[in-house]
Structures are given as structure tokens and as C-alpha cells.
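Input: a single structure, listed below in C-alpha cells.
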Amino acid sequence: MTSAGIVSLGLYLPGDPVGNQSVAMTSGADPAWMEERIGIRARHRAAPGETTADLAARAGADALEGTTVSPDLLVVATVTPERSVPSVACFVQDRLGLTGVPAFDVNAACSGFLYALSCAHSMTLAGRARTPLVIGADVFTRVVNPGDRRTAPLFGDAAGAVQLGPVPDHYGVLAVELWAEGSQAMYATVPRDDWFVMDGRGVSTVVMERGPKILQDALDRAGVRLDELDRLIVHQANPRLVRQLADHVGLDERRVPVFGGRTGNTASASVPVTLALAQRERPFQPGDLVALVAVGAGMTAGAAVLRWF
């Protein structure tokens with residue numbers, strides 16, 4: 001056992017689905033437009049008083065139920081901490097009973113989970129951890145203006161988690177690639193004490209240009225061809241954009257699952273939530289090649305290639 005791979009998955013979607021009619025009441029957006037133009041039918045919202053740490057702890061507990069592995073590191077990707085200090089990860093560590101386990105947050109927006117996965121995986125390679133728990137969680141609806149018809153329909157709240165553990169050589173995480181370009185920082189931002197703002201055209205352009213490139217970089221590093229992939233897990237910015245990216249790289253719907261229609265864009269949680277939903281819908285098989293890719297605010301991007309064990 002010389003590699004680190006995913007041994008268990010978890011997720012948490014708070015409350016009942018919130019349909020387009022409910023969003024239309026506050027945003028003024030046309031429900032038909034939401035479904036036809038962006039492909040989103042529903043999303044979940046955290047209850048009043050329910051925090052990012054609450055969601056993250058639920059997803060982490062869900063992941064731990066599926067394994068006997070005990071985490072020796074906790075990394076949480078989020079952009080919606082309830083406090084500036086301490087980290088969300090420290091609250092989650094306490095709620096999961098992981099006394100003494102190192103815990104920290106990562107902020108890379110919708111790419112954050114891949115940044116967190118890279119940190120955790122690198123620490124296993126350095127011998128500093130063996131069984132990291134990596135969580136992506138956000139209550140992004142709280143930083144989106146409910147009256148903004150351009151952004152309110154897009155987002156939902158959620159958390160997803162992966163528990164890493166030792167797997168045989170040539171399995172597990174084969175490669176991770178990261179990227180950032182700070183000159184594009186204002187394409188998507190949440191000013192202090194204000195609502196999220198986004199240059200939709202600018203973001204979409206970066207997604208379509210950088211997403212395929214960083215995916216190919218990760219595939220090259222892993223020594224894997226695109227046509228060998230069994231599944232490609234894409235950040236669910238919106239279903240329409242996910243399908244555009246899938247068409248661009250030439251992969252069909254069976255290999256690129258789309259769940260954003262029922263979750264919305266869940267920011268840092270998007271990749272692990274989509275991975276967990278894909279596993280529940282059609283379980284991964286030993287030896288399957290799985291890639292993860294996301295582009296987020298910053299602008300940032302990340303991609304990873306794994307061989308399932």
C-alpha cells in the first residue's frame with residue numbers, strides 16, 4: 001500500500017429542494033428561463049442558523065460511516081466561513097471528535113476542493129499524513145443577492161467529503177494540477193459586506209479555455225488518454241456549461257454526469273457532491289479512471305486523475 005486514494009465518500013444537501021417558483025418570487029427571474037437557459041430546476045438552502053461547519057460535519061460524518069479509516073488530517077475547502085477566525089475545519093474537527101488532528105481551511109472558490117485535495121495528497125506523499133479527510137462546503141446562497149435575477153437562480157448550499165486512505169501502487173490519486181490568474185480576480189467576487197458579483201461572460205470564457213487545458217495537463221501527468229476515462233466529474237457551474245465542456249472535449253453524457261439541475265452551483269462543495277452522487281447513481285468499479293475538473297473565482301482551476309480501488 002504505497003498510494004493514497006479515495007476509500008469513502010459523503011455528502012449533505014440541507015433541507016428540501018427549493019424550486020424555481022420560489023426563487024422567482026424574490027428574484028423576478030422567469031422559472032422557465034431558469035430551467036431552459038441554465039438547466040437548473042432546484043437547489044438546497046441551509047436552514048437559518050445552519051452554518052458551513054454544520055454542513056461540512058454532516059458530510060464528513062457520512063464519509064466516515066462508510067469506512068473504518070480514522071482521519072489523521074482534516075482539510076476543508078470553503079469561501080463562506082461563519083467567522084474569520086478560527087477556521088471552519090477546527091469547528092468540524094471538534095464535531096467529528098477528531099481530537100488533536102491537524103485541521104485547516106483552503107479558499108480557492110469553486111476550485112477549492114481540488115486545491116484541498118492537492119494539499120492532502122501532497123502531505124501523504126511527504127509522509128506527513130496517511131488518512132486525510134477532505135471536505136468541500138459552502139452556504140453560498142447567503143452571499144448571493146436573492147433579488148438578483150442573474151445570480152440568485154444559480155446557487156445552492158451543500159457539502160461533500162472524501163476520505164483518503166492507503167491503496168495499492170498505481171491506484172488512487174495519479175495526478176493533480178492547479179492554476180490561478182489573479183489578473184482575472186474581479187470576474188467573480190464577494191466584496192466585504194456586499195453581495196456576490198460576476199462577469200458571466202468572462203467566467204464562461206475562462207471555463208471553456210482553461211477547463212479543457214488543465215484537464216489535459218493532469219491527464220498528461222498521469223500518463224492517461226482522455227478516451228480512457230470512465231467518468232469525468234465537472235464542477236456544476238450550471239448544467240448547460242457542463243454539457244458545453246463535455247461536448248468540447250468529446251465525452252458523452254454517460255461519462256460526464258450532470259447533477260446541477262437539482263443542486264445548483266454549490267461552489268466549493270460542487271466537485272465532491274457530484275462525485276458522491278455519481279457513485280450512488282452508478283458505482284465506480286475497481287480500476288475505473290476518474291478525472292475531476294473545476295474552474296472558480298480567482299480565477300483558479302484544478303484537475304485530478306484517479307484510478308478507483
Side-chain angles (χ1 to χ4, degrees), residues 1-14 53-78 88-106 112-137 158-174 176 230-231 233 257 259 266 268-292 304-309:
M1 298 289 185
T2 59
S3 299
I6 295 174
V7 298
S8 185
L9 296 163
L11 82 158
Y12 176 61
L13 298 172
D54 293 329
L55 273 61
R58 293 284 293 267
D62 189 38
L64 293 177
E65 283 183 8
T67 181
T68 58
V69 169
S70 179
D72 60 4
L73 173 69
L74 174 61
V75 188
V76 175
T78 186
V88 170
C90 283
F91 288 108
V92 176
Q93 184 235 48
D94 178 54
R95 290 171 200 187
L96 294 179
L98 303 177
T99 304
V101 169
F104 62 91
D105 289 356
V106 171
F113 176 78
L114 285 157
Y115 271 69
L117 179 66
S118 179
C119 290
H121 180 240
S122 296
M123 290 181 74
T124 67
L125 295 178
R128 303 296 298 172
R130 185 172 170 84
T131 55
L133 175 62
V134 185
I135 302 174
V162 302
Q163 175 63 58
L164 300 181
V167 297
D169 202 11
H170 306 300
Y171 285 86
V173 180
L174 304 181
V176 183
D230 294 286
R231 227 85 60 92
I233 304 301
F259 296 106
T266 56
S268 307
S270 177
V271 169
V273 165
T274 303
L275 185 66
L277 290 172
Q279 165 74 350
R280 294 183 181 188
E281 180 182 73
R282 181 163 53 93
F284 301 109
Q285 301 301 309
D288 277 358
L289 281 167
V290 180
L292 318 174
V305 180
L306 311 91
R307 189 180 298 278
W308 212 258
F309 177 66

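Computed from a prediction, not measured in an experiment: that's the story for all the values here.
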Smallest separation among heavy atoms of [X] and [Y], with atom names:
X: Arg282; Y: Arg231; value: O-NH2, 2.9 Å
X: Pro257; Y: Ala278; value: CG-CB, 4.0 Å
X: Ala77; Y: Phe113; value: CB-N, 3.6 Å
X: Ala161; Y: Leu133; value: CB-CD1, 4.3 Å
X: Phe91; Y: Ala53; value: CB-CB, 3.8 Å
X: Ala158; Y: Leu55; value: N-CD2, 3.6 Å

Query - Over 12 non-hydrogen atoms of neighbours within 6.0 angstrom of CZ in Arg128 - result: no
Query raised in the report: What's the verdict on side chain to side chain contact (heavy atoms under 4.5 Å, CB included) for Leu96 and Val101, showing C-alpha distance, side-chain angles and the deciding distance?
Result: CA-CA 11 Å; Leu96 294 179; Val101 169; over 6 Å; no
Supply the atom-to-atom distance [X] [atom1] to [Y] [atom2], rounded to the nearest 0.5 angstrom.
X: Asp62; Y: Leu9; atom1: CG; atom2: CG; answer: 9.0 Å
X: Ile135; Y: Gln163; atom1: CD1; atom2: CD; answer: 9.0 Å
X: Leu117; Y: Ser122; atom1: CG; atom2: OG; answer: 9.0 Å

Flag side-chain contact, heavy atom, 4.5 Å: [X] against [Y]:
X: Pro71; Y: Leu64; answer: yes
X: Asp72; Y: Pro132; answer: yes
X: Leu164; Y: Ile6; answer: yes
X: Ser3; Y: Val173; answer: no
X: Leu73; Y: Phe104; answer: yes

Query raised in the report: Hey, which of Leu74, Leu98, Thr78, Asp54 is the one that makes side-chain contact (heavy atoms from CB on, under 4.5 Å) with Val92?
Result: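 Exactly one option meets the side-chain contact (heavy atoms from CB on, under 4.5 Å) with Val92, and it is Leu74.
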Treating [X] as the side-chain partner and [Y] as the backbone partner, does any N or O pair qualify as donor plus acceptor under 3.5 Å?
X: Glu281; Y: Gln279; value: no
X: Asp230; Y: Leu289; value: yes
X: Ser270; Y: Thr266; value: no
X: Ser8; Y: Ala63; value: yes
X: Asp105; Y: Ala89; value: yes

Query raised in the report: How are the rings of Trp308 and Phe284 set relative to one another: parallel (under 30°), tilted (30 to 60°) or perpendicular (over 60°)?
Result: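 Tilted, since the angle between the ring planes falls between 30° and 60°.
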**Report entry** Step-by-step side chain to side chain contact (heavy atoms under 4.5 Å, CB included) determination, Leu292 to Thr274
**Finding:** CA-CA 10 Å; Leu292 318 174; Thr274 303; over 6 Å; no
